[in-house]
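These numbers come from the heavy atoms of this one structure, side chains and all, not from hydrogens, waters or symmetry mates.
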Amino acid sequence: MARTKAEDTHSRKSEEQYETMTQTPVRRLILRLAVPTVISMLVTNIYNLADTAFVGRLGTSASGAVGIVFGFMAIIQAFGFLFGQGSGILLARKLGEQDREAANVIASTGFFCSLFAGFVIAILSAIFLNPLVMLLGSTETIAPFARTYIFFILLATPVMTVSFTMNNILRHEGKATLGTIGLMVGAVLNICLDPILMFGLNLGIAGAGLSTMISQYVSFFILLSMFLGGRTVSVLRIRLVCLKPALLGNIFTTGLPSLLRQGLNSAATVVLNTYAAGFGDEAVAALSIVSRIIFFVMAIAIGIGQGFQPVCSFNFGARRFERVRIGYRFTTLFSELVVVAGVIILLVWSGSLIALFRNDPAVIEIGIRALRIQSVALLTVPFCMNTEMTLQCAGRKVGASLLSSMRSGLYFIPVIIILAYWRGLYGIEEAQAVTFVLSLITAVPFAVHFFRKMGQMEAESAKPSDP
């Protein structure tokens with residue numbers, strides 16, 4: 001009897017959520033979903049920036065270690081997003097089709113596959129820790145700091161991976177606020193623990209790692225409680241896990257653009273650190289700081305795009321194509337306005353921003369030029385990013401994977417190799433900007449083709465569009 005009541009409750013929530021996602025005016029719905037994701041991204045990135053600033057007080061080599069660890073954490077995030085985006089997008093489309101049973105199977109399968117992947121990453125990384133640190137781009141002086149920091153990250157890797165997955169599932173359900181609570185509490189706790197553990201208890205770089213580990217476990221238990229407490233549309237049950245190749249393949253290929261995007265970002269970070277290391281720890285530290293600052297502005301635009309993703313998946317599944325079209329235009333324009341405001345700030349206060357994290361003249365000099373060049377190129381990102389997200393949510397897996405791969409690494413890696421050879425450190429500073437521009441040129445025909453095809457589907461659909 002209790003189980004039946006629980007099922008009735010979830011069924012009612014599913015119906016209410018379907019009405020919300022398909023009837024609420026698109027712009028208002030995107031803003032409602034984007035606000036918690038933007039806040040979450042901002043708080044998480046404020047933590048990243050604060051962590052960079054705190055560790056920077058330990059010296060230039062310790063500051064460089066943050067960039068090394070950032071590359072490793074991008075790998076963890078890549079697998080969390082693989083299963084989170086893969087299961088979340090499929091789940092949203094099933095909810096749009098009003099197939100809640102299939103949505104529960106997808107959510108449970110994505111969750112437990114992500115947890116398993118996290119354990120595998122942690123075990124393999126612990127076995128090969130020393131070569132891993134050097135592979136990530138450490139110098140001999142940075143490596144000791146990086147090893148200490150990563151050790152604590154490994155202890156939290158399984159919960160970090162599955163937390164990214166749960167957050168994405170919640171977001172695609174249209175329950176972004178619930179995911180934001182877990183991530184924000186962890187990020188704020190991390191910011192508070194950093195100075196206490198690093199300087200109050202004199203743990204140094206180990207304190208930064210321990211702080212991250214503790215906060216990740218807190219976030220994990222908060223996110224899990226959302227599912228176990230019945231506050232979600234979908235449920236997580238080990239008995240619902242389906243290991244059929246068709247479903248696993250669908251989750252994997254749907255989440256592949258996110259894996260490629262995050263994984264190639266990690267590879268790009270490794271290549272960047274490796275080439276920058278040839279110009280000293282100052283170059284590694286400067287470019288690491290610039291990457292964090294640039295990503296802070298991108299994170300706001302990404303948060304807005306993530307507010308659009310469940311709207312896109314839900315309404316594409318419900319064949320309400322005009323809502324997808326309206327949402328895409330609104331999200332791209334709004335994201336662009338946000339980026340423009342951010343770029344102005346970065347251009348005007350570039351030197352002061354770099355100095356906040358490492359007040360070293362050599363670091364500041366390298367960082368100012370890199371930050372200004374990359375800031376201008378940021379203007380191309382909203383269109384590219386929203387096109388990738390739209391293709392992924394609509395099940396256009398090949399197109400989404402290609403665009404993600406090109407923007408995240410397939411362009412960047414050869415570009416930095418070529419420019420580093422021709423222009424040395426200047427070329428390394430310019431590589432990301434060139435990559436952004438090439439990605440824009442590539443994304444335009446993909447967007448045009450997709451909306452033409454969707455227009456044909458709309459014309460053939462018997463169900464009228466309801467914007």
Side-chain angles (χ1 to χ4, degrees), residues 1-21 79-121 157-179 181-182 219-256 258-259 309-310 313-314 316-318 392-393 395 397:
M1 184 68 178
R3 192 172 68 86
T4 302
K5 287 182 178 179
E7 288 178 348
D8 288 343
T9 299
H10 279 292
S11 179
R12 177 174 48 79
K13 288 182 178 180
S14 179
E15 291 171 2
E16 291 173 353
Q17 193 67 2
Y18 177 84
E19 183 175 346
T20 297
M21 298 297 286
F79 282 90
F81 270 66
L82 166 68
F83 295 106
Q85 289 276 44
S87 58
I89 288 170
L90 293 176
L91 173 149
R93 291 213 295 265
K94 288 298 181 183
L95 292 176
E97 296 168 7
Q98 297 184 294
D99 187 351
R100 191 173 65 86
E101 289 74 15
N104 289 335
V105 170
I106 291 167
S108 299
T109 302
F111 174 88
F112 285 102
C113 285
S114 179
L115 184 63
F116 176 75
F119 276 109
V120 172
I121 294 169
T157 294
V159 299
M160 289 174 69
T161 307
V162 82
S163 291
F164 284 121
T165 297
M166 286 190 288
N167 184 53
N168 276 282
I169 290 173
L170 288 169
R171 192 161 49 78
H172 283 284
E173 280 190 3
K175 301 282 188 179
T177 301
L178 298 182
I181 293 171
S219 290
F220 165 75
F221 284 114
I222 291 174
L223 289 170
L224 185 62
S225 71
M226 303 296 182
F227 289 91
L228 299 182
R231 301 181 65 183
T232 59
V233 176
S234 59
V235 298
L236 301 177
R237 301 285 187 272
I238 194 166
R239 64 181 174 81
L240 295 177
V241 172
C242 176
L243 300 180
K244 291 182 179 179
L247 177 59
L248 294 178
N250 205 6
I251 291 175
F252 185 87
T253 54
T254 301
L256 183 60
S258 298
L259 175 66
Q309 277 189 300
S313 299
F314 232 102
F316 195 86
Q392 186 178 12
C393 291
K397 302 168 186 175

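Separating the CD atom in Gln85 from the CG atom in Leu91 is a distance of 12.0 Å, to the nearest 0.5 Å. One finds the CD1 atom of Ile251 at 8.5 Å from the SG atom of Cys242 (value rounded to the nearest 0.5 Å).
Listed by chain and residue number, Leu115, Pro158 satisfy the side chain to side chain contact (heavy atoms under 4.5 Å, CB included) test with Phe119 (two or more places apart in sequence, or in another chain).
Lys94 places none of its side-chain heavy atoms less than 4.5 Å from the side chain of Val105.
Judged purely by atom type and a 3.5 angstrom limit, Glu173 has no side-chain atom pairing as donor or acceptor with the backbone of Thr232. In this structure a side-chain-to-backbone donor-acceptor pair under 3.5 Å is missing from Ser313 to Pro310. With Gln392 contributing its side chain and Thr254 its backbone, the two residues share a donor-acceptor pair below 3.5 Å. Side-chain atoms of Ser114 come within 3.5 Å of backbone atoms of Thr161 as a donor-acceptor pair (strictly under, hydrogens ignored). A donor-acceptor pair is defined here as one N or O able to donate and one able to accept, closer than 3.5 Å; such a pair exists between the side chain of Asn104 and the backbone of Val235. Asn250 places no side-chain N or O within donor-acceptor distance of the main-chain N or O of Ala246, the cut-off being under 3.5 Å. The backbone N or O of Phe111 lies less than 3.5 Å from no partner atom in the side chain of Thr165, so there is not a single donor-acceptor pair.
In this structure, Phe81 places its CZ atom where more than 12 heavy-atom neighbours from other residues, nucleotides or ligands lie under 6.0 Å away.
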